[in-house]
Structures are given as structure tokens and as C-alpha cells.
Amino acid sequence: QVQLVESGGGLVQPGGSLRLSCTASGSPFAITHMGWYRQTPGKQRELAATITKDGTTNYAASVKGRFTISRDNAKNTVYLQMNNLKPEDTAVYYCVSDRIIRAILTDSPQYWGQGTQVTVSS
């Protein structure tokens, strides 16, 4: 059983930065693809960023150029560095993992974290 534990959310002013972390346990992290989804009440869940086991990254158009996803296999941890945050980035952010990248891309990853709230407001 894989467990994903997120941290790093909080309240930040527009234009500010936050770094989310997600530490995984229970599965060989190095062969697992990872991603970050975000959900706002009343809106469709959005896949913000993905990183494959080989380190290939992909971003939603809404965050490209502002967010950076990375991973540290030695620490079993994936990060989401968020810069130049906007009020529309306010959401609950979920770390996800799966050994099949398509599962992450199609909103059906096997494992989800508990979510961490990010609020961008002045």
C-alpha cells in the first residue's frame, strides 16, 4: 500500500511563492510516475503538473512558466515550486502516483494524498 503525505500549503499574497512537498512510502519511488492535481469547489479538477520516473515534466497551460515540478528519488519526495501565484491558483492540491503515466493523465491514478490547501489572497 502506497501512502502519500503532502505538506507546504498555506496562505500567500498574489505574486508570492510556495513549495509543496509530497513524500511517498510503501512502493519503489524511483519507478513511479508522480503528479499534482488541484481542485476548487464548483470547478473541474485540473492536472497541474506531472513528472515521469525518468524525470520528464509536463504542465497545464494555466501554470506553465510559473510552476516547477521536481523529484528527489533518494528522499522519495516530489515537489511543486509555485511562483508568481495568482488568486485563481487557490485550490486543494493533491499529490498522486501510479506506475502507469496514462492513469495520471486521465484522472485515475491509483494513489492520492490527503490534499493540502493553497490560498492566494491579499
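The model shown is predicted, which means the values in this text are computed figures rather than measured ones. Hydrogens, waters and symmetry mates play no part in the numbers below; they use all other heavy atoms, side chains included.
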Check your understanding: His33 and Thr52: which non-hydrogen atoms are nearest, and at how many Å?
Key -> ND1-CA, 3.3 Å
Practice item. Could I get the full list of side chain to side chain donor-acceptor pair (under 3.5 Å) partners for Asn73, not counting sequence neighbours? Key: Arg71
Review point. Of the non-hydrogen atoms in Ser97 and Val2, which two are nearest, and what is the gap between them?
Key: OG-CG1, 4.0 Å
Check your understanding: To the nearest 0.5 Å, what is the distance between OG1 (Thr32) and CG (Asp98)?
Key -> 8.0 Å
Review point. Do Ser21 and Thr77 get their side chains close enough for a donor-acceptor pair, meaning under 3.5 Å?
Key: no
Review point. Who passes salt bridge (charged side-chain N to carboxylate O under 4.0 Å, His left out) against Asp72, sequence neighbours left out?
Key: none
Review point. Under the 4.5 Å side-chain heavy-atom rule for ILVMFWY, direct or indirect, which residues accompany Ile101?
Key: Tyr37, Leu47, Val92, Tyr94, Val96, Ile104, Leu105, Trp112
Counting only pairs under 3.5 Å, give me each side-chain donor-acceptor contact of residues 13-20, with atom names and distances, residues two or more places apart or in other chains.
unit_1: Ser17; atom_1: OG; unit_2: Asn83; atom_2: OD1; d: 2.9

Point to revise | Asn76 (side chain) donor-acceptor with Thr23 (main chain) under 3.5 angstrom | key: no
Point to revise | Interatomic spacing from NZ in Lys86 to CZ in Arg66 - rounded to 0.5 Å | key: 4.5 Å
**Study point:** For Glu46, all residues meeting salt bridge (charged side-chain N to carboxylate O under 4.0 Å, His left out), sequence neighbours excluded
**Key:** Arg38
Point to revise | Gap separating the OG1 atom of Thr68 from the CG atom of Leu80, nearest 0.5 angstrom | key: 8.0 Å
**Study point:** Over all atoms of both residues, closest heavy-atom pair of Met34 and Val78
**Key:** CE-CG1, 3.8 Å
Practice item. State whether the number of non-hydrogen atoms from other residues, nucleotides or ligands found under 6.0 Å of Ile100 atom CD1 is greater than 12. Key: no
Check your understanding: Which distance, rounded to the nearest 0.5 Å, do you find between the CE of Met82 and the CG of Asn84?
Key -> 12.0 Å
Review point. Are more than 12 heavy atoms from other residues, nucleotides or ligands located less than 6.0 Å from atom CD of Gln3?
Key: no
**Study point:** Criterion side-chain hydrogen bond (donor to acceptor under 3.5 Å, both in side chains) on Ser121 and Thr119, from CA distance to verdict
**Key:** CA-CA 6 Å; Ser121 175; Thr119 303; over 6 Å; no
**Study point:** Non-hydrogen atoms of Glu6 and Cys95 that approach each other most closely
**Key:** OE2-N, 2.7 Å
Review point. Looking at CG of Leu85 and CG of Leu11, how far apart are the two atoms once the value is rounded to the nearest 0.5 Å?
Key: 11.0 Å
Practice item. Provide the full list of ring pair (Phe, Tyr, Trp, His ring centres under 6.0 Å) pairs with a residue in residues 51-83, sequence neighbours left out, each pair given once. Key: none
Check your understanding: At their closest point, which heavy atom of Pro28 faces which heavy atom of Arg99, and how far apart are they?
Key -> CD-NH2, 3.3 Å
